[in-house]
There are 2 protein chains.
Amino acid sequence: MTKTKTPSAVSPAAQPRAAARRVTSYDVAMLAGVSQSAVSRCFKPGASVSKSTYARVMKAAAGLDYIPNAAARSLITRRSNMVAVVISQMANLYYPEALAELSHQIARRGKRVLLFTMQHEADVGRLLADIWQYQVDGAIVAAALTEEQIGEFERRRLPLVVFNRNLRRADGVNSVLCDQYEAGRLLAGRLAAAGHRQFGIIAGPADSPVATERRHGATDRLRELGLPAPAMVTGQFDYASGTHGLREIIAQLGRVPDAVICGNDVMAIGCLDCARHELSLDVPGQLSVAGFDAVEPSNWLSYNLTTLRQPIGHMAQAAADLLAGLIDAREGETVTAQTRTFAPQFIDGATARLVALKPDSLAA
Amino acid sequence: MTKTKTPSAVSPAAQPRAAARRVTSYDVAMLAGVSQSAVSRCFKPGASVSKSTYARVMKAAAGLDYIPNAAARSLITRRSNMVAVVISQMANLYYPEALAELSHQIARRGKRVLLFTMQHEADVGRLLADIWQYQVDGAIVAAALTEEQIGEFERRRLPLVVFNRNLRRADGVNSVLCDQYEAGRLLAGRLAAAGHRQFGIIAGPADSPVATERRHGATDRLRELGLPAPAMVTGQFDYASGTHGLREIIAQLGRVPDAVICGNDVMAIGCLDCARHELSLDVPGQLSVAGFDAVEPSNWLSYNLTTLRQPIGHMAQAAADLLAGLIDAREGETVTAQTRTFAPQFIDGATARLVALKPDSLAA
DNA sequence: TTGTAGGCGTTATCAT
DNA sequence: ATGATAACGCCTACAA
């Protein structure tokens with residue numbers, strides 16, 4: 001299976017890792033015949049250097065492959081040009097898209113992403129100490145933070161943008177989010193309006209605030225409308241949770257529900273596939289299925305899923321904007337915290353019946 | 001659409017970003033009544049400190065929220081505990097999985113990922129200068145590097161592991177890869193053995209070495225077998241390329257080919273959906289479709305794609321292992337470059353006919 | 001075991 | 001415009 005080819009005879013280039021003394025600005029200064037500070041200035045954008053020195057220095061630098069040492073620079077400037085991005089569910093299909101966009105947006109502002117990943121969102125606490133260590137200029141966190149943890153960011157004056165987490169304590173904390181509770185309400189409402197009465201819900205994991213809000217939004221709306229309590233199961237945001245979830249809901253109810261609301265698209269796709277391919281149900285004829293996120297596969301022809309889109313590109317851009325603003329704010333300046341809320345967008349796919357079977361709307 | 005809620009009256013906590021003097025080891029030393037070096041030693045794993053001083057120092061540190069400054073440390077230790085990971089196609093579904101695994105493996109070795117993303121693989125050159133800047137301990141690069149670029153890593157003695165790129169110059173370069181050329185040959189061979197004669201190929205982008213190798217592997221094998229030249233189109237590794245690709249191939253040939261080999265799974269899925277839902281073709285009855293990677297959706301019930309899996313988890317682990325070894329090697333030590341090659345694994349899905357229609361094998 | 005002192009590579013301040 | 005010089009926060013001999 002694994003062919004470990006230790007190159008022995010074939011590959012001559014065994015690199016001797018000698019202690020290569022680093023090239024510093026002193027070396028460049030010496031070669032260029034100027035002072036070390038002159039070299040430093042040449043690498044600072046708006047500095048005052050004469051054309052001739054600049055040319056000599058740059059030529060020497062190029063000859064020596066000199067590049068300023070960011071660690072040393074950050075020591076004095078207090079700017080590392082690194083931004084921490086904390087993300088939990090890389091498997092989630094949704095987060096890679098967000099991360100790609102964040103990385104892009106952060107790069108164009110001259111900074112880089114220091115990536116912190118974790119298996120479970122609750123592990124975020126253990127990462128914090130590392131974040132402090134690395135002296136990042138700010139952090140974008142896509143995980144639930146406790147009040148205490150937020151407080152620590154404030155104490156350390158570390159600019160923070162919370163991504164897609166609706167925190168209990170909203171004030172004083174910058175965040176970019178999509179209104180998940182509203183999304184849940186909206187979806188439940190649309191389905192109920194079409195006459196669906198018995199719902200099933202395949203919710204996301206209990207430790208995910210996003211999952212919780214979507215679930216509450218849906219259940220609250222159903223209750224308001226006086227519909228029967230939905231059958232409820234919990235999943236892990238993955239495909240298998242969708243297939244198992246549907247079976248379990250059917251077992252709970254003793255029949256196929258009218259509609260299933262899934263905590264995200266991947267579970268909805270699992271649910272859909274189970275319904276069609278395992279249970280031979282007609283979707284949306286016998287059963288409506290809907291999800292959240294509008295990840296790429298939800299739009300594929302085999303699915304064409306009814307779902308709610310989060311404007312992920314805009315959200316990432318907003319997060320990067322917000323953070324950049326916080327970082328660039330002169331010290332001592334007062335910055336008021338913002339919450340940028342994006343509205344979810346209803347995607348009218350083909351997996352949910354959205355018109356009433358009998359036009360009982362005439363009776364109203 | 002975007003509701004920017006500037007909290008005005010509601011939110012009192014407008015944080016004044018005062019110049020918070022950082023807590024240093026001197027502060028801790030003062031509070032604990034010891035020297036600064038004592039504090040330093042307390043944060044170094046195998047140092048010699050008495051129990052009592054250690055306790056006092058740690059108590060003071062905790063009280064002040066002291067955390068060592070990694071930038072300052074790296075200045076003298078020459079270890080930043082950061083690893084650069086360079087990745088191009090985050091949209092590719094394959095790379096997020098790799099990145100998640102890499103991040104995990106690197107984290108468990110006490111290091112963090114500094115992420116470098118780019119739109120096109122050819123842009124890697126522009127990132128290099130940044131990599132040097134940040135003083136990373138090593139780099140894992142999932143992009144094609146020129147000889148010159150590799151040479152620059154060597155000159156700077158920066159440990160490098162090339163991920164999933166078969167370089168022309170293999171010696172002296174540490175790399176982890178899946179044999180893409182062989183994978184292409186294998187797939188073409190299996191399909192040909194089942195009697196498919198007229199092939200179509202939806203290849204990946206021309207600037208992707210992985211795409212090129214898969215394509216060459218397939219075309220070489222078909223030529224060896226004396227089969228007619230395949231219809232060839234180029235895609236961007238995305239879903240739309242798969243749907244367009246199939247139509248274009250049919251236009252080129254004037255008929256539906258026997259089989260289409262797609263440069264990756266996402267294009268294969270696009271091709272498959274187009275065949276089934278737009279052209280109403282029976283797959284694999286009238287047309288066989290296959291891809292590469294075995295990304296998660298390829299395994300979903302609606303697709304059950306015939307494909308070749310790359311053992312991505314193992315590859316990521318191997319890359320992290322390799323890099324860690326290079327970094328930990330004592331300076332001056334000679335390290336021989338390795339290439340760890342992983343074999344692709346054939347996934348016998350349901351989108352390709354793999355048995356001959358007429359048992360003409362009896363005739364042989 | 002502990003403290004003293006020098007240095008890591010840069011930027012910033014201040015003369016010149 | 002340029003060059004000394006003092007930080008930045010930490011690690012590490014070396015001496016005690």
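Note on naming: letters A, B, ... go to the chains in the order of the sequence lines (proteins, then strands), and numbering restarts at 1 for each one.
- Contact check, A/Ser25 against C/dT10: a side-chain N or O comes under 4.0 Å of OP1 or OP2.
- Summarising the geometry, the separation between CZ on A/Arg79 and C1' on C/dA12 is reported as 15 Å, rounded to the nearest angstrom.
- Here the side chain of A/Arg22 is nearest to one of C/dT10, D/dA4, C/dG9, namely C/dG9.
- Rounding to whole angstrom units, CD1 of residue B/Ile67 and P of D/dG9 are separated by 15 Å.
- Put simply, CZ on B/Arg41 is 8 Å from P on C/dG3, counting in whole angstrom units.
- For the pair B/Ala38 and A/Gln36, nearest-nucleotide mapping onto DNA chain C gives the more 5' position to B/Ala38.
- Rounded to whole Å, atom C1' of D/dT2 lies 17 Å from atom CZ of A/Phe43.
- Helix-axis bend for the helix from C/dT1-D/dA16 to C/dT16-D/dA1: the local axis fitted to the five terminal pairs at one end deviates from that at the other end by 30°, rounded to 10°.
- If you measure from atom CD1 of A/Ile76 to atom C1' of D/dC10, you get 14 Å, rounded to the nearest angstrom.
- A sub-4.0 Å separation between OP1 or OP2 of D/dA1 and a side-chain N or O of A/Ser48 is present.
- Ion pair A/Asp321/A/Arg109 flagged as a salt bridge, since at least one NZ, NE, NH1 or NH2 atom sits closer than 4.0 Å to an Asp/Glu carboxylate oxygen.
- Distances shown here put every side-chain N or O of A/Lys44 at or beyond 4.0 Å from the OP1 or OP2 atom of C/dT10.
- For C/dA12, the OP1/OP2 oxygens have no side-chain nitrogen or oxygen of A/Ser40 closer than 4.0 Å.
- If you take CE of A/Met30 and P of C/dG9, they are 13 Å apart, rounded to a whole angstrom.
- Taking all atoms of both residues into account, the shortest heavy-atom contact from A/Phe116 to A/Ala84 is CE1-CB, 3.7 Å.
- Scanning atom types as modelled, one donor and one acceptor separated by under 3.5 angstrom connect the side chain of B/Ser37 and the base of C/dT4.
- Look at CG on A/Leu75: it is 4 Å from C1' on D/dC8, rounded to the nearest Å.
- In this structure, the NZ atom of B/Lys51 is 13 Å from the P atom of C/dT2, given to the nearest Å.
- Here the nucleotide nearest the side chain of B/Thr77, chosen from C/dG3, D/dT12, C/dG9, is D/dT12.
- At least one side-chain heavy atom of B/Leu158 sits under 4.5 Å from a side-chain heavy atom of B/Ile131.
- An OP1 or OP2 oxygen of D/dT2 is reached within less than 4.0 angstrom by a side-chain nitrogen or oxygen of A/Ser50.
- Nucleic acid contact class of A/Tyr54 (heavy atoms, under 4.0 Å, all strands): none.
- When distances run from any side-chain atom of B/Thr24 to the nucleotides C/dT1, D/dT2, D/dG9, the shortest one goes to D/dG9.
- In A/Met30, the CE atom is not crowded: 12 or fewer heavy atoms of neighbouring residues, nucleotides or ligands sit closer than 6.0 Å.
- Remark: the backbone N or O of A/Arg78 is not paired with any side-chain donor or acceptor of A/Gln135 at under 3.5 angstrom.
- No donor-acceptor contact under 3.5 Å links the side chain of A/Arg78 to the base of D/dG9.
- Between the side chains of B/Ser103 and A/Thr117, at least one donor-acceptor pair of N or O atoms lies under 3.5 Å.
- Counting any heavy atom pair closer than 4.0 Å across all strands shown, A/Ser74 reaches no nucleic acid atom.
- No donor-acceptor contact under 3.5 angstrom links the side chains of A/Ser40 and A/Ser37, judged on distance only.
- No side-chain heavy atom of B/Val57 sits under 4.5 Å from any side-chain heavy atom of B/Val49.
- The phosphate of D/dA7 (OP1 or OP2) has no side-chain N or O of B/Tyr26 nearer than 4.0 angstrom.
- Across all strands shown, B/Val39 has no heavy atoms under 4.0 Å from either base or sugar-phosphate atoms.
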